[in-house]
Amino acid sequence: MQSGLGVKAARVAIVVALFAIWEILSRTGIVNPRLLPSASDTLATLGDLLQRASVRKDLAVTATEVVTAFALAVPVGALIGFLIAENRYFAEVAKPLLFFAFSIPKSIFLPMFILVFGVGFSQKVGFGFFSTIFIVIMSTTTAVESVKVEHLTVARSYGATPMQTAFRVYLPSMLPVLLEALRISMIFNLTGVILAEMYASRDGIGHQIATWGENFQMKQLLAGVVMIAAIAIAFNELVRWVEARCSHWRT
Amino acid sequence: MQPLANIAPLKPAGAIEVRNVGQVFKTTTQDVVALDNVSLDVKPGRFVVLVGPSGCGKSTLLMMMAGLRQQTSGTITISGAPIPEPDPNRVGVVFQEASLFPWLTAEENVEFPLALRGISKNDRRARAQEALKLVGLDGFGKRHPHELSGGMKQRVSIARGLVQDPPVLLMDEPFAALDEQTRMTMGDELLRIWAATGKTVVFVTHSLTEAVYLADEVIVMSPRPGRIVDHLQVPLPRPRTYEMLSGDAFGSLRDRIWRHIRKSA
Amino acid sequence: MQPLANIAPLKPAGAIEVRNVGQVFKTTTQDVVALDNVSLDVKPGRFVVLVGPSGCGKSTLLMMMAGLRQQTSGTITISGAPIPEPDPNRVGVVFQEASLFPWLTAEENVEFPLALRGISKNDRRARAQEALKLVGLDGFGKRHPHELSGGMKQRVSIARGLVQDPPVLLMDEPFAALDEQTRMTMGDELLRIWAATGKTVVFVTHSLTEAVYLADEVIVMSPRPGRIVDHLQVPLPRPRTYEMLSGDAFGSLRDRIWRHIRKSA
Amino acid sequence: MSAASVRRLIVIGLIALWEILPRMGFIPELFLPSLSSTLAAGWNEAGEYAHALAVTLYEVAISMAFACGGGILLGAVVGSLPRPRILIMPMVSSLYAVPLVILYPVFTVWLGIGSESKIAFASIYGFLPTMLATAAGIQTIDPQLLLAARSMGATLSQRLVRVIIPAAIPTVLSGLRVGGALVIVGVVVSEMLISSAGIGYLISRYRTILDSPHVFAGVLLVLAMAVAFNAAIKWIEGKAAIWQTGTRAGQSAEEIAPAALQPAT
Amino acid sequence: QAADTVRIGLPTKTYWPTTIAETAVRQKLFEKEGIAAELTIYRGGAETFEAMAAGAADVILDATSLVSAGRKKGVNSKVLANAAMGYYGWQLMTLSKSTLGVKDLNGKKVAITSAGSGSDLLALWTQQDKKIEFTRVPVGGGGLVPNLLAGNVDAAVVYSPLSFQISKSGEARTILDFSKEVPPNLAAGWIALDKYVQDKPHLVQKTLNALYGALMFMRANKDASVKLITELYEIPAEIAALEYENTIMKLETDGAMDGPKIPEQLQLALDMAKAGGMKDLGPASEIISTQFKPVLTKF
Ligand SMILES: Nc1ncnc2c1ncn2[C@@H]1O[C@H](COP(=O)(O)OP(=O)(O)OP(=O)(O)O)[C@@H](O)[C@H]1O
Ligand SMILES: Nc1ncnc2c1ncn2[C@@H]1O[C@H](COP(=O)(O)OP(=O)(O)OP(=O)(O)O)[C@@H](O)[C@H]1O
Ligand SMILES: [Mg+2]
Ligand SMILES: [Mg+2]
């Protein structure tokens, strides 16, 4: 555990190094600064953007959509994944279909969502949900399969109800895989919502980013990307914090 | 209105009836007959020890009594009713392999069955402490399984079995990883609890001395296919003492079992 | 040109030297001194048995001798050299828990260490068959671990240890899950192999009878912190016979160990 | 009714709906042209589609090798070495958090608009989840198995290939599935965004001119790729089935007693 | 009592229809008409049209060719008001340091946004008109300038105000101005589904009144309009002024669909689209609606 500090330092060092390389590439003109504005410029723009009420509102809109889609997709996906892993019949019916659905580019269906939901909150949440649920299902299935039979036997012998088995045996033993799944799902979710915003929307940060891109406003574009990345990374860190809390028993 | 129901012979809590039970495993290569036509009656409150060479089907029989595995043929009743599902109110199990949950501490592992029944945190903790003390693991409650030695893990597993207090207790080689002294102490402890609570205990062991020392009855099994080859009553008085170990009665019982084992192993 | 090198005392293969070894585990709650200042010399080709109450550090000591865990203090040398890393050419281990690979059959589990060394399929299979026969599992080669009983798994694990054929063999309670008959047969088998190959064996057991029956020397440990409290030579002649079990010499050795265990458990 | 036939019914139902809904005018042809007109459109431009398919398959194949092969291997290495895991994994998953799709137009500046940029994008898109999932799966492996392998002198690569990957096989397979699927998605999406060849290109081109039958002919080809990919995975799973015996994924219905198969809610 | 809401679909943010609709909103012209407007910006013309077909947009601005193509796909809509007779602000550009002329593009690579889009039509038109052959490379809106700057393409078809922007910054120069070279054709108009027109003709009328009123306002108020463009698209004022002069001021002011030349000019637009790969286009006459004549809302 003493190495914790060293690791943190190493991580910070790597991040700083990445930003430094970015800055140098741009400043020295190795990469055309019009195409890659320097890190400092980008960060300055980011600060600027965050000052704007409209950007903050867009962020809030996107955040609400992302959180809603995530809050819907994860439990539903986990439940389906769980059923698939635990019920052979259901698994045989649904597994190939779901896995098949997973390998289709979701953006093909964006117009369908407009057809069903119109343009707005529910369409974006719907598409975020749709982009996320399959990965959640697949990861849960895998996670469930990694649970040891002996542990289930013990729980059964003590008369654990299915709920108890789920929360006291499955959940803790699946935790590492599950948390990883959560992380990946969040990224899919975020990308889904942003794609939907870019495709058609009145507000949201994805909408802004699309505009900046089409207008060749590289500083704003990069700042927007950094902003979204920062949000995703913050979520990552949150998951990792939970992970650290929960898995000290693993050596 | 239906007085007959009250008159009908009522199977008291703790009786075990095994009738013509068979178990066949299907493996990739062939079918394995693990148990063949096993019948067995255990009266409530008896301490029965199951012995037999490795692979003769002792664990399999226990799993069926616990409702954790269904027999291929025959019937099993516990306290008068079949046991299609594990029922912790009727049967408790201590497994051959400790199977502790690695994410819980020793204490929490012992509390696990109580937590399932929704017993309050304080109560649970108190009873777990007591059970851990019983198996000599006072002060190890906060450790995780990977921080315990083999024998310690097994003792946690025993504590977990004892804490739930069912009328029938099935124990699969619970003392295998223990040193002789600990083993004796724990055996005496077990007998004390058994005598005080009137539980029915089915106990698997490879130590014949332990078998005779603990048992009211010893059931000897032979392998391939698993069958009961002998069922002895142990007429030694209770409480048992270490002096009995060197007595003739003890020796001749032990020898009788030994001859069965030698033949069939 | 350097004749001196040849004259210098050469540690023969199989010697084990443990010097002032300590092991401290850091746990979340506190530091645990598992072993404290343990020193020990095993001459090549000796059969040494380690006994001691549950949790006294026997497994820990074995893990360190195998290079699977580094001591916190002191030095250990095997065949004259330290063992910072496991080295199957010097040391083989049979673990307390069977630790078989669930996706391999019994046979393939036994072949595993041979496969690591790139031995040809046919050779491997032949040697695995032989080892399985030795542990009485003829015909079970194609089963997967979950299709075997507890004792069978342990025997597969023993076969896997034997098949590696290292000069030093460390065995952690290998016979714990076996019935007495199988245990005896396997003990004799082990002694035969040992005598034929001249291996050094360090063997952990909880059965004092087994300890005295098998050992050249018995090392007795006490717990918290783990220390060596006695180191006895067993002067019984070889080959050992079952008659010796009832002899006086045997009895008094056994008693001496028993007293230590009783005191410290 | 057998699961397979239910599944077939669902598929047939979906296909029928695809034909009926647009025909009856429930969905405008712009959003979903009937299956028959889609097929006709595809057939009329068979040459164009064949060429596009070749381009896409080429990109998918190369990205698949990078994403799945590299992802599993690196995931296994990083997952099994604690130090890199602690240092690298959080950075990798943070890296993945950068929404690459948005940056894709800028991406093409450096990699051109040919296949290279698609391959780079799809490889990264598929690589990271595969690696993350594999590394996470590795952490659920019983450490005792790794210890055993180490004691037998398994080198790092041997541990990887013979222990870590087989033990993590369910995770690895799902990594393969996720990674492969994402590669297909990644290639098609990047083709849709910026390219002058491939199925994705055709889809977005026809979409821009509202030629929906041709759009869906392209979608149909993507579906066909997904079907083929699933078949391939199934085949690999079949091959890996032997490895899974003893894990939950590989156990037959009788193994886990019926209750465990009940849906848990 | 809540006013009726008209959902207006706009193909991209920086495209001039957005400017008009935003002006109408800010000058409260919709309010004055007694309606509310909800503006939604889509990724492109096709997406906007799909949104209308899906019922997510009521009145949209789009390429007239899509209306014709849509009729064959079961989406019945008409062009209600003439908005632009050309491709204002669209330019074929190369890097400033490049010496290539239009004729030199033979065998070279030219970036367009996406295949089948407006930029593609213009590229195809250039090939026909100048009798040259080049490769059209779809790079997306966000990829035009980066790929041009990186030298991945030799020229690009750039829309406004981006075209003014990079020309002003000295990065690129115009070698062909489509607003001047392409013969007048009815390239873009305000569009609605037949069903919507039938159900709510009064809403359509009011919407058009407000939109054309907004255009009038812009024509009359240069400073305010330039300021709005500057704000909306985060571009320098001088670029906004260029956009104002070269785009906004060129737009059709009355929206009339009953002029004698309309069918011909619309047909010209459809013919260009056909050259661009669109199949199944009906005659121009079937997509003309003369039902509405905007009565400019007073500002
Ligand atoms: N799941 C299974 N599939 C196939 N065979 C099995 C399975 N479980 C047990 N067996 C076989 O059934 C027989 C009895 O096994 P069981 O575990 O009951 O033996 P046991 O008496 O407990 O042995 P031990 O003393 O070694 O624990 C053995 O031959 C074993 O190989
Ligand atoms: N990883 C660990 N972390 C903390 N403490 C540990 C760890 N491993 C072992 N211990 C402690 O070290 C002591 C010795 O353990 P060890 O496993 O060596 O005992 P043992 O003699 O093999 O016992 P047994 O006969 O029960 O197997 C025990 O008190 C145990 O709790
Ligand atoms: Mg057993
Ligand atoms: Mg031990």
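Remember, predicted model here, so these are calculated numbers, not experimental data. Note that these values count all heavy atoms, side chains included, but never hydrogens, waters or copies made by symmetry. Naming convention: chains lettered A, B, ... in sequence-line order (proteins, then strands); numbering from 1 in each chain.
Contact annotation for C:R183: neither backbone nor side-chain heavy atoms come within less than 4.5 Å of a heavy atom of chain B. The contact between B:S207 and chain C is made by backbone and side chain atoms together, counting heavy-atom distances below 4.5 Å. For chain B, the nearby part of C:E97 is the side chain; its heavy atoms alone come within less than 4.5 Å. At a 4.5 Å heavy-atom cutoff, the contact between B:S54 and chain C is made by backbone and side-chain atoms alike.
With C:E180 as the partner, the side chain to side chain donor-acceptor pair (under 3.5 Å) test is satisfied by one option alone out of B:H206, B:R254, B:R262: B:R254.
Here the closest non-hydrogen pair linking C:Q96 and B:A177 is NE2-CB, 4.4 Å.
Heavy atoms from other residues, nucleotides or ligands lying under 6.0 Å from CG of C:D255 number more than 12.
Once rounded to the nearest 0.5 Å, the distance linking CZ of B:F25 with CZ of C:R143 reads 9.0 Å.
Most heavy-atom pairs under 4.5 Å with chain B: of the set C:Q154, C:K58, C:M184, C:R155, this distinction falls to C:R155.
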